[in-house]
Number of protein chains: 2
Amino acid sequence: MTTEFTPPTALETFAEHPSCRVEFPEIAPFKGHPEIIGTSFSYSREEEIYGEGEEAEFVYKIVGGAVRTHNILNDGRRQITGFHLPGDLFGLESGATHRHTAEALTETRVLIFKRRQIERAAASFAEVACQLWTRATTELRHAQDLAVLLGRCTAQERIAAFLIEVDERLGGTSTFALPMTRRDIADYLGLTVETVSRTLSLMEEHGALLRSGGRRISIRHGRLRQLAGD
Amino acid sequence: MTTEFTPPTALETFAEHPSCRVEFPEIAPFKGHPEIIGTSFSYSREEEIYGEGEEAEFVYKIVGGAVRTHNILNDGRRQITGFHLPGDLFGLESGATHRHTAEALTETRVLIFKRRQIERAAASFAEVACQLWTRATTELRHAQDLAVLLGRCTAQERIAAFLIEVDERLGGTSTFALPMTRRDIADYLGLTVETVSRTLSLMEEHGALLRSGGRRISIRHGRLRQLAGD
DNA sequence: CGTAGCTTTGAGAGTTATCAAGCGTAGTGG
DNA sequence: CCACTACGCTTGATAACTCTCAAAGCTACG
């Protein structure tokens, strides 16, 4: 862990995207409970924030940067279960230990909260517990949407849906820099890097998007939505 | 909807399995809140319990039988997100509408609860809200395990993991009748019926399981676990 | 300007899907 | 009680999509 927050490098154009610095309506993770305050902290690119199986002592809220959470099978296969962007909370478990590993995609700044503090608030205030529930069902919905994508959609459909989702979460400007590598995308969508790359090329040929400088992408919602089969 | 509970037919041997009739430690869905009581109701085989997009007015607890929840893509592709067995709660949403369709696999009896009643209890009692949270995270874990299976595992691994899970939930006796069709299994695991059938045949050849009469299966945990890659 | 790592592209193989029959089992009606 | 019908299951042949292996092209950074 690094205790200093260093500015993003040129590579990490993502961190410079407007959506990464705007609107944190609340620093406190739970409405109406400003007594739950966090400590600022930073992680460098590719740094592990917590590992699967570790005691879940802290909860994290992203201020800037991006984080991925994943599971690894015994032979090294990896399934990324989520990407987390500024404003997102992650690392909140109801069990004793973390069920995923969390790593910073880029230079990332977070606020760290004590899990015990949140649980105590939830035990005393029904409205906090209800917010926990709402949050969990939101994640549940996301995981089930991913399951539909992985179980029943083609590579094109998965990638189209993925790009649309990333665009929305980054502000919906249709132009953005992907904060993750092709490998990350592949491990999120149940594909290989080669298939991701090839599919992006195909989409570009079909005029569904424009690539520039590797990570930077401009999408055409209309055509992409057609490819998404939706 | 049928208002009478008729006994399972010979086909529905599943419903006769001991695990389907034992232990309902509590009728009430939430600990310490016996005032939340449900109304008994029955559904016949393949009957829809609620549809995706409908207002989520009720919550269901299975007394006997089995239920599946699924999503359907515009072109008919189906992803089953879960199978629900006796003792399970389903249909509980935090949003206004149901995000899945629920259907009875066999003759199924449920207890129906008013969702408003549960939400009112959650708003007043933090412990109820915490139980909602715990329940949601349990479902979340399940959905993410499914995502790993769909995104990163082979047909053999998916089916092996599936059989082990079903066995556990049916009492862990290693011998049981699958309550769902091959099509249901396929739509849960992101495969086709043919692949499910072929893989089961392969597993039987390898001595990982024994089939009798279509749905009835006896599994060898050791060999199956090898195939599950775990 | 060179290096390292990420990305793209190509060729071929493999797993799973698709299309097509048969088979079996369960429930039905004579 | 037995044959009939329907539906689910199994098996085979072929095709398609995606993976694997391989190499070259970019980009960012030292």
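By convention in this document, chain letters (A, B, ...) are assigned in the order of the sequence lines, proteins followed by strands, and residues within each chain are numbered from 1.
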Asker: Are the side chain of R68(A) and the backbone of M180(A) linked by a donor-acceptor contact shorter than 3.5 Å?
Answerer: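 Side chain of R68(A) to backbone of M180(A): no pair is present.
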
Asker: Would you kindly give the CG-to-P distance between L149(A) and dT18(D), to the nearest whole Å?
Answerer: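 So the CG-P distance, L149(A) to dT18(D), works out to 12 Å.
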
Asker: Shortest non-hydrogen contact from R99(B) to N71(B)?
Answerer: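 Scanning both residues, the minimum pair turns out to be O-ND2, 3.1 Å.
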
Asker: Phosphate oxygens OP1/OP2 of dA17(C): is one of them under 4.0 Å from a side-chain N or O of T195(B)?
Answerer: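 Yes, because at least one side-chain N or O of T195(B) sits under 4.0 Å from OP1 or OP2 of dA17(C).
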
Asker: Does a sphere of radius 6.0 Å around CZ in R183(A) hold more than 12 heavy atoms from other residues, nucleotides or ligands, not counting ones at 6.0 Å or beyond?
Answerer: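 Atom CZ in R183(A) is not packed in, count stays at 12 or less.
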
Asker: From the list dT11(D), dT9(C), dC6(C), which nucleotide is the closest neighbour of the side chain of R45(A)?
Answerer: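 The nucleotide sitting nearest to the side chain is dC6(C).
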
Asker: Between P on dA16(D) and CG on L202(A), what's the gap in Å once rounded to a whole number?
Answerer: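 Result: 16 Å.
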
Asker: Starting from the 5' end of DNA chain D, give me the residue, L191(A) or S212(A), whose nearest nucleotide shows up first.
Answerer: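 It is L191(A), whose closest nucleotide lies nearer the 5' terminus.
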
Asker: Please name the residue in the list F41(A), F113(A), F90(A) that meets the ring pair (Phe, Tyr, Trp, His ring centres under 6.0 Å) test with Y60(A).
Answerer: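 Testing each of F41(A), F113(A), F90(A) against Y60(A), the sole residue satisfying ring pair (Phe, Tyr, Trp, His ring centres under 6.0 Å) is F90(A).
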
Asker: When you get a sec, tell me which of dA20(C), dC9(D), dT16(C) is the closest nucleotide to the side chain of A155(B)?
Answerer: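 Per side-chain heavy atoms of A155(B), the pick is dT16(C).
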
Asker: Within the 3.5 Å criterion, strictly below it, is a donor on H206(A) or Q156(A) matched to an acceptor on the partner's side chain?
Answerer: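 Judged by distance alone, the side chains do not pair up.
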
Asker: Return no unless some side-chain N or O of R211(A) is found under 4.0 Å from OP1 or OP2 of dT8(C).
Answerer: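 Yes, R211(A) has a side-chain N/O under 4.0 Å of OP1/OP2 on dT8(C).
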
Asker: Please report, rounded to the nearest Å, how far the P atom of dC7(D) is from the CG atom of L105(B).
Answerer: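 After rounding, the reported distance stands at 18 Å.
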
Asker: Could you state the atom-to-atom distance from CE of M203(A) to P of dT8(C) in whole Å?
Answerer: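 Going from M203(A) (CE) to dT8(C) (P), I get 13 Å.
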
Asker: Where the side chain of T154(B) is defined as all heavy atoms beyond and including C-beta, which of dT16(C), dT7(C), dT9(C) is the nearest nucleotide?
Answerer: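 My answer, after comparing the listed nucleotides, is dT16(C).
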
Asker: In whole Å, I'd like the distance from the CZ atom of R198(A) to the P atom of dG25(D).
Answerer: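 The answer, rounded to whole Å, is 17 Å.
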
Asker: Looking across every strand, which nucleic acid part, if any, lies under 4.0 Å from S197(A) by heavy atom: base, sugar-phosphate, or nothing?
Answerer: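 If one applies the 4.0 Å heavy-atom cut-off, S197(A) turns out to touch a base.
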
Asker: On DNA chain C, does the nearest nucleotide to R152(A) precede the nearest nucleotide to V196(A) from the 5' side, or the other way round? Give the residue.
Answerer: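 Per heavy-atom nearest nucleotide, the more 5' residue is V196(A).
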
Asker: For the base of dG5(C), is there a side-chain donor-acceptor partner from R182(A) under 3.5 Å away?
Answerer: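 Answer no: no donor N or O sits under 3.5 Å from an acceptor.
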
Asker: Taking only N and O in the side chain of T181(A), is any of them less than 4.0 Å away from OP1 or OP2 of dC6(C)?
Answerer: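 So the side chain of T181(A) is outside the cut-off, no N or O lying under 4.0 Å from OP1 or OP2 of dC6(C).
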
Asker: To the nearest Å, how far apart are L200(B) CG and dG8(D) C1'?
Answerer: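 Result: 13 Å.
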
Asker: Report yes or no: is there a donor-acceptor pair, N or O only, under 3.5 Å between the side chain of Q156(A) and the base of dC17(D)?
Answerer: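 Result: no qualifying N/O pair found.
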
Asker: Could a donor-acceptor pair under 3.5 angstrom be found where the side chain of E194(A) meets the base of dC21(D)?
Answerer: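 Counting by modelled atom types and ignoring angles, a donor-acceptor contact under 3.5 Å is found here.
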
Asker: R216(A) CZ to dA28(D) P: how many Å, rounded?
Answerer: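 Computing the R216(A):CZ to dA28(D):P distance gives 11 Å.
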
Asker: Which nucleotide sits closest to the side chain of T192(B): dT7(C), dA17(C), dT20(D)?
Answerer: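 Nearest to the side chain of T192(B) among the choices is dA17(C).
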
Asker: Starting at atom CZ of R183(A), determine the distance to atom C1' of dA4(C), rounded to an integer number of angstrom.
Answerer: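 Result: 16 Å.
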
Asker: Just say parallel, tilted or perpendicular for the rings of F162(B) and Y188(B), cut-offs at 30° and 60°.
Answerer: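 F162(B) and Y188(B): tilted rings.
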
